[in-house]
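Just follow the structure's listing: the first ligand is 1, and inside any ligand the first atom is 1. What's counted below: heavy atoms across the whole structure, side chains too, no hydrogens, waters or symmetry copies.
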Amino acid sequence: MGCGIAEVCVASGLDVILSDVSANSLERGLEKVHAGIERQVSKGKISSTDAKSASAHLWGSITFDDFVACDMVIEAATEDVEIKERIIRELDKVVKAGALIASNTSSVSITALATKMSNPGRFIGMHFFNPVPVMSLVEIIRGIETTDATYEATMALATRVGKTPISVKNSPGFAVNRILIPMINEAIFVLQEGLASAPEIDAGMQLGANHPVGPLALADLIGLDTTLAIMEVLYRDFNDSKYRPAPLLREMVDAGRLGRKTGTGFHSY
Ligand code: CAA
């Protein structure tokens, strides 16, 4: 998702530093952002001159030190709370006074992540949706300490990058994933119980509920590991059995069938 966020930010004229865990994955990420910008050109949405100037505003880095120049850093690491906490702690050491840090977490408590900052008032949730260049929504989530100034600057940034922000209280899964991910989990139970095949379940929700894509295909797009991680947060934090992850979801993740990113999930790619 970081690549999608970087793409919409550079396309809006912002200077962007993309970061990743290794030089190789950073290189792949930068290529993905450039390819996304080229895609806009081929669709006639932006001119090649604008694409060139946008691409010139994109840099890559694998060290945290380069974030010293940033007004805002958006963390979009894998949905693992320990990894996110470590990144936030490291960022907090290097960013300039007054810089904001946002997390693109899809479920973890913003109030809890903010405690890793020396000034939790400068921390906020900025939750984008996949694929980021296409989906208009950003959920903006304030932690208990998030200041009005941080909130207003983040709302303004979301609008500047062409998204429609909605304000959601800090709660497991926020608003959209609290509704969407249990729906996907239920579709996996339906598959596990043999009520219908994966293509039939997806066709059912596309043709019978007008969803743009079926729930199992959507799980493949989101990533089955991410889907499971979100269900686990809902299950643990609400302590309610209605959020228990489907055993088949866990088995698919154990098998490394994570969806589009591994080539196999509920469908093959
Ligand atoms: N990057 C950029 N653009 C993309 C894209 C991508 N990865 N995938 C598709 N597009 C663009 C296409 O280029 C096309 O653009 P134009 O209309 O300008 O031609 C448009 O999106 C439609 O694409 P397609 O015609 O190829 O395919 P489609 O009609 O099946 O649409 C889709 C693809 C927009 C992704 C659609 O399937 C959809 O809306 N799916 C549901 C997505 C969704 O629910 N996302 C939320 C997931 S939950 C989440 O992200 C939160 C979380 O924390 C887990």
Side-chain angles (χ1 to χ4, degrees), residues 1-12 28-29 31-46 51 54 74-81 84 102-110 113 125-141 158 161-166 168 170-188 199 201-203 205-207 209-234 243 245 249 253 258-261 265-267 269:
M1 285 187 87
C3 295
I5 297 170
E7 182 188 325
V8 297
C9 289
V10 278
S12 312
R28 281 200 303 277
E31 276 167 20
K32 211 168 156 190
V33 179
H34 289 301
I37 294 168
E38 280 311 312
R39 186 181 181 143
Q40 304 293 327
V41 176
S42 64
K43 284 174 180 291
K45 290 191 175 164
I46 55 170
I74 304 174
E75 171 281 313
T78 187
E79 200 63 9
D80 176 318
V81 70
K84 287 185 183 294
S103 175
N104 179 51
T105 176
S106 41
S107 58
V108 181
S109 167
I110 298 304
L113 288 177
M126 195 176 191
H127 182 216
F128 289 83
F129 289 80
N130 236 324
V132 177
V134 183
M135 305 302 283
S136 304
L137 184 70
V138 180
E139 286 181 306
I140 307 291
I141 306 105
V161 302
K163 301 298 177 195
T164 303
I166 61 167
V168 182
N170 185 45
S171 173
F174 314 128
V176 175
N177 278 346
R178 166 119 172 238
I179 301 165
L180 184 66
I181 304 296
M183 189 269 297
I184 291 173
N185 192 51
E186 200 60 30
I188 301 169
I201 292 166
D202 280 344
M205 292 305 284
Q206 283 180 281
L207 304 177
N210 253 2
H211 288 197
V213 64
L216 301 173
L218 185 54
D220 285 349
L221 173 74
I222 294 168
L224 302 197
D225 49 346
T226 303
T227 305
L228 177 60
I230 298 169
M231 281 312 296
E232 278 173 337
V233 168
L234 294 174
Y243 296 114
L249 171 60
V253 172
L258 305 183
R260 283 181 179 268
K261 61 186 162 191
F266 294 108
H267 302 277
Y269 301 90

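Of the heavy atoms in V176, none comes closer than 4.0 Å to ligand 1. Under 4.0 angstrom from ligand 1, there are no non-hydrogen atoms of H211.
Under the 3.5 Å distance criterion, the side-chain polar atoms of D202 are matched with a main-chain donor or acceptor of L216.
E79 pairs with exactly one of T227, N104, T105, T226 by the side-chain hydrogen bond (donor to acceptor under 3.5 Å, both in side chains) rule, that one being T105. A side chain to side chain contact (heavy atoms under 4.5 Å, CB included) with F128 is found for one member of E139, K163, M135 and no other, namely K163.
Between F129 and H127, the ring planes lie tilted relative to each other; the angle falls in the 30° to 60° range.
Contact analysis puts N177 in contact with ligand 1, with a non-hydrogen atom separation below 4.0 angstrom. Every heavy atom of E7 sits 4.0 Å or more from the atoms of ligand 1.
Among protein heavy atoms, atom 30 (O) of ligand 1 sits closest to P212 O, 5.0 Å. Of all protein heavy atoms, the one lying nearest to atom 37 (O) of ligand 1 is V213 CB, 3.9 Å.
For ligand 1, the atoms lying closer than 4.0 Å to a non-hydrogen atom of L180 are 48 (S). When each atom of ligand 1 is checked for a heavy atom of V134 under 4.0 Å away, the hits are 2 (C), 3 (N), 4 (C), 5 (C), 10 (N), 11 (C), 21 (O), 34 (C).
Of the polar atoms of N130, at least one N or O is found under 3.5 Å from an N or O of ligand 1, judged by distance alone.
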